[in-house]
Amino acid sequence: SIGVVVADTHENAKIAARKVHVEYEELPAVLSIQDALRSNSFHPNTERCMAKGDVEHCFQSGELDRVLEGEVHVGGQEHFYLETNSSMVWTMDGGNEVHMISSTQAPQKHQKYASHVLGLPMSKIVCKTKRIGGGFGGKETRSAGIAAAAAVPSYLLNRPVKITLDRDVDMMISGQRHSFLGKYKIGFTNEGKLLALDLEIYNNAGNSLDLSLAVLDRAMFHSDNVYEIPNVRIRGRVCFTNIPSNTAFRGFGGPQGMLIAENWIQRVAVELQKSPEEIREINFQSEGSVLHYGQELQHCTLAQLWSELKLSCDFWKTRSEVDVFNKHNRWKKRGIAMVPTKFGISFTLKFMNQAGALVQVYTDGTVLVTHGGVEMGQGLHTKVAQIAASSFNIPLSSVFISETSTDKVPNASPTAASASSDIYGAAVLDACEQIKARMEPIASKMEHNSFAKLARACYEERIDLSAHGFYITPDIDFDWKTGKGNPFRYFTYGAAFAEVEIDTLTGDFHTRTADIILDLGYSLNPAIDIGQIEGAFIQGLGWVAMEELKWGDADHTWISPGFLYTCGPGNYKIPSTDDIPLKFKVSLLKGNPNVKAIHSSKAVGEPPFFLAASVFFAIKDAIAASRMEAGYNDWFPLDNPATPERIRMACIDDFTKPFAGPEYRPKLSV
């Protein structure tokens with residue numbers, strides 16, 4: 001995007017924008033991670049390294065029975081929020097103040113960038129957000145530039161300006177989930193015990209740094225998934241390319257790091273002719289495990305929930321049933337997989353782990369709460385209102401949250417990193433406790449038969465019934481010079497089982513069963529949390545099996561260079577109702593309070609997303625059954641998304657042999 005056209009109607013603005021003719025010189029373009037590696041194109045100061053043990057010594061020591069090397073290509077993903085980027089901007093007081101209503105996860109960033117482009121102090125700019133139609137990370141930073149583009153004409157013309165992007169434009173300019181390339185070298189024993197991992201990972205940042213370094217950081221933090229490896233070295237770089245800047249997306253690099261890990265786990269299993277689940281189990285981290293960045297695991301519930309899931313899905317019985325089905329069916333194959341996850345909760349940038357809230361009690365006993373978090377369908381306002389209602393011991397209907405506004409709670413962090421219920425809930429509780437402490441002397445003098453009467457009595461005694469609450473996440477720190485620290489307050493653990501059936505002639509598949517279990521401590525609201533788990537799983541299913549971004553690059557020369565071909569629902573397939581598993585079971589681990597967050601709960605937004613990898617590896621299991629029937633038992637590459645085309649070509653038979661060998665790897669825009 002290079003400019004903005006302002007007109008009296010949306011349609012006229014679009015017509016005028018199409019009439020703009022841009023003359024430019026064509027220069028060599030860097031469009032993929034492979035292009036960036038060839039031309040040494042990286043964002044400056046983005047080299048990262050984490051290490052534990054002595055990797056080089058382990059590979060040369062003779063301790064290892066086997067060593068495998070390989071590459072994993074991880075595809076990107078479009079956010080596809082139902083409401084595209086949108087902002088309404090107007091001036092007040094003769095142009096001295098600017099107000100905006102924005103669809104954003106970060107109103108404070110809109111305030112900051114409007115201030116920057118207009119040359120006004122932040123105190124003269126107000127950004128409000130009532131609720132947004134989905135964000136998923138896509139409106140954490142990229143929405144700010146779009147709002148700033150509307151703020152300039154509004155301020156100069158002293159007129160209201162509204163910008164709402166069309167879907168294709170939104171997809172083309174606002175960035176997606178980062179694609180990744182992982183190069184691994186894994187050493188292990190004949191029993192399947194992992195001893196050494198040497199990993200290089202690269203992400204495709206696009207034309208600006210945006211959040212790409214933080215995304216790489218989290219991918220590196222999660223590159224062990226849940227596995228104990230004594231010797232680890234992980235190196236990362238952020239690639240500079242000429243595509244639009246990629247950005248945050250639910251999981252923020254964590255799922256990419258974990259998918260790379262599960263790929264080499266699966267390859268180790270094939271090499272040793274064992275089941276991947278067996279390799280996973282014998283390498284699980286446990287209470288007291290020290291991770292490759294120095295953090296020690298506390299209150300680890302992984303083994304418990306894994307055992308519960310195994311019982312729930314009756315894994316070995318299902319395995320034998322699937323094997324029997326596969327023996328009797330040549331062109332339909334079934335596969336199963338069980339995948340665990342561990343997701344660290346906190347912003348990895350320490351200063352962002354802070355939250356403010358404003359709580360006001362009125363004389364009729366109702367409460368108005370304002371906090372820095374944005375409601376985007378994840379139920380944040382409901383959870384925060386519950387915390388306030390519980391603190392004052394009043395009905396939920398007596399608590400109201402109107403909107404998020406920069407003039408009520410300043411300097412708020414974006415609503416991201418799954419941490420909002422934890423930090424804003426704690427900030428609201430802090431404000432409620434302050435008000436209760438002021439009310440206590442009045443409450444103890446005489447009994448009031450309602451909260452309204454108590455509030456009125458306090459008002460008449462000139463007690464302040466408004467309080468600002470604040471919370472900072474304690475005990476987190478990380479030093480990139482040493483590569484050690486405690487970047488996370490705690491971890492959310494989960495595991496999922498999936499059974500799929502594929503049609504080997506068309507590559508079509510459906511998920512017969514999905515069984516998910518998560519440790520959410522004492523859930524603040526199980527109904528909301530289960531909805532979050534279901535939604536994250538289906539969105540993850542899109543990432544691993546359906547949604548493919550096709551860019552004009554060296555591997556897709558039929559697309560204009562640098563152009564996003566899949567810029568709308570016509571050729572970019574997101575999951576629909578037909579893609580929901582036929583049996584979809586979600587359960588929460590019981591009896592494990594989380595002492596490190598509000599009311600013993602745990603964060604839920606991002607952790608379940610990666611569990612959809614169980615569907616990906618179940619698909620791979622089904623393909624393996626098909627290949628075995630054709631006489632091919634070796635490991636084979638399968639990149640996400642496992643689209644029908646990729647599934648079909650991986651199922652070797654007489655139809656595919658003229659076009660593709662057993663190691664055929666379809667091209668992917670990364």
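Model, not experiment: these values are computed from the prediction.
- Note that the CG atom of D477 and the CD atom of Q295 stand 11.0 Å from one another [nearest 0.5 Å].
- Between E83 and K139 there is a salt bridge, with a side-chain nitrogen of the basic residue lying less than 4.0 Å from a carboxylate oxygen of the acidic one.
- Under a 4.0 Å N-O distance rule, the pair R280/E228 does not qualify as a salt bridge.
- A donor-acceptor pair is defined here as one N or O able to donate and one able to accept, closer than 3.5 Å; such a pair exists between the side chain of E277 and the backbone of M338.
- Between Y424 and H371, the angle of the ring planes lies from 30° to 60°, which puts this pair in the tilted group.
- Within the 4.5 Å cutoff, the side chain of K620 has no heavy atoms near those of the I647 side chain.
- Heavy atoms from other residues, nucleotides or ligands lying under 6.0 Å from OH of Y565 number 12 at most.
- Every residue was checked against the ring pair (Phe, Tyr, Trp, His ring centres under 6.0 Å) condition with Y471, not counting sequence neighbours, and none meets it.
- In this structure, the side chain of S346 does not engage the main chain of T348 through any donor-acceptor pair within 3.5 Å.
- F584 has its ring centre less than 6.0 Å from the ring centre of F537.
- Residues H79 and F249 place their aromatic rings such that the two centres sit under 6.0 Å apart.
- Judged by distance alone, the side chain of R512 and the main-chain N or O of A498 form no donor-acceptor pair under 3.5 Å.
- Listed for the D35 side chain is a donor-acceptor partner under 3.5 Å among the backbone atoms of L31.
- Checked by atom type and distance alone, the side chain of D553 pairs as donor or acceptor with a backbone atom of D555 at under 3.5 Å.
- With values rounded to the nearest 0.5 angstrom, S601 atom OG is found 5.5 Å from D422 atom CG.
- Both the sub-6.0 Å distance and the 45° axial angle are not jointly satisfied by R218 relative to the ring of F488.
- Checking each of I186, V72, L68 against W264 for a side-chain contact (heavy atoms from CB on, under 4.5 Å) leaves exactly one that passes, namely I186.
- Ionic pairing of R48 and D217 is present here: one or more N-O contacts between side-chain nitrogen and carboxylate oxygen are shorter than 4.0 angstrom.
- More than 12 heavy atoms of other residues, nucleotides or ligands lie within 6.0 Å of CG in L582, so this atom counts as buried by the packing criterion.
- Rounding to the nearest 0.5 angstrom, the gap separating the OG1 atom in T566 from the CG atom in L549 is 4.5 Å.
- A salt bridge between E140 and K109 is absent, with no side-chain N of the basic residue lying under 4.0 Å from a carboxylate O of the acidic one.
- K383 places no side-chain N or O within 3.5 Å of a backbone atom of S420 that could act as its donor or acceptor partner.
- Between D224 and Q285, the side chains place a donor N or O and an acceptor N or O closer than 3.5 Å (distance only, hydrogens not considered).
- Neither side chain, H110 nor Q108, offers a donor N or O lying under 3.5 Å from an acceptor on the other.
- Judged purely by atom type and a 3.5 angstrom limit, T511 has no side-chain atom pairing as donor or acceptor with the backbone of P581.
- For the pair K596 and Y490, the cation-pi criterion (under 6.0 Å, within 45° of the ring axis) is not fulfilled.
- No side-chain donor-acceptor contact under 3.5 Å links N203 and Q256.
- A side-chain donor from one of T241 and N204 sits under 3.5 Å from a side-chain acceptor of the other.
- Using a 4.0 Å cut-off between a side-chain N of Lys or Arg and a carboxylate O of Asp or Glu, E548 and R646 qualify as a salt bridge.
- Rounded to the nearest 0.5 angstrom, S86 OG and L165 CG are separated by 8.0 Å.
- In this structure, W543 has its ring center under 6.0 Å from that of F609.
- S174 places a side-chain N or O within 3.5 Å of a backbone atom of D170 that can act as its donor or acceptor partner.
- Nearest heavy-atom pair across G372 and T404 is O-CG2, 3.6 Å.
- No salt bridge links K310 with D515; every basic N to acidic carboxylate O contact stays at or beyond 4.0 Å.
- R142 places a side-chain heavy atom less than 4.5 Å from the side chain of S208.
- The closest side-chain heavy-atom distance from Y202 to V670 is not below 4.5 Å.
- You'll find the side chain of L291 reaches within 4.5 Å of the side chain of L297, heavy atoms only.
- Between E499 and K583, the closest side-chain pair of non-hydrogen atoms is not below 4.5 Å.
- Between R167 and F80, the closest side-chain pair of non-hydrogen atoms falls below 4.5 Å.
- Residues L302 and K342 form no side-chain contact, since every pair of their non-hydrogen atoms from C-beta on lies 4.5 Å or further apart.
- At least one donor-acceptor pair under 3.5 Å links the side chain of E375 to the backbone N or O of G377.
- At a threshold of 4.0 Å, the pair E47-R237 counts as salt-bridged, since one of the basic side-chain nitrogens sits closer than that to a carboxylate oxygen.
- At a threshold of 4.5 Å between non-hydrogen side-chain atoms, the residues W306 and E281 count as touching.
- Taking a 6.0 Å sphere around CG of N571, one finds it holds more than 12 heavy atoms contributed by other residues, nucleotides or ligands.
- At least one test fails for K350 against the ring of F478: distance under 6.0 Å to the centre or angle within 45° of the axis.
- Of the possible polar contacts, none joining the S245 side chain to the N207 backbone as a donor-acceptor pair under 3.5 Å is found.
- Side chains of S212 and H43: a donor-acceptor N/O pair is absent below 3.5 angstrom, by distance only.
- D210 and T141 form a side-chain donor-acceptor contact under 3.5 Å, judged by distance and modelled atom types alone.
- With values rounded to the nearest 0.5 angstrom, S179 atom OG is found 11.5 Å from D639 atom CG.
- Taking CD1 of I574 as the reference point, atom CD of Q77 lies at 10.0 Å (rounded to 0.5 Å).
- Neither side chain, Q34 nor S32, offers a donor N or O lying under 3.5 Å from an acceptor on the other.
- For R235, the CZ atom counts as densely surrounded, since its 6.0 Å shell holds more than 12 non-hydrogen atoms of other residues, nucleotides or ligands.
- Between G335 and D621, the shortest heavy-atom distance links the atoms CA-OD2, 3.2 Å.
- Side chains of E78 and Q176: a donor-acceptor N/O pair is present below 3.5 angstrom, by distance only.
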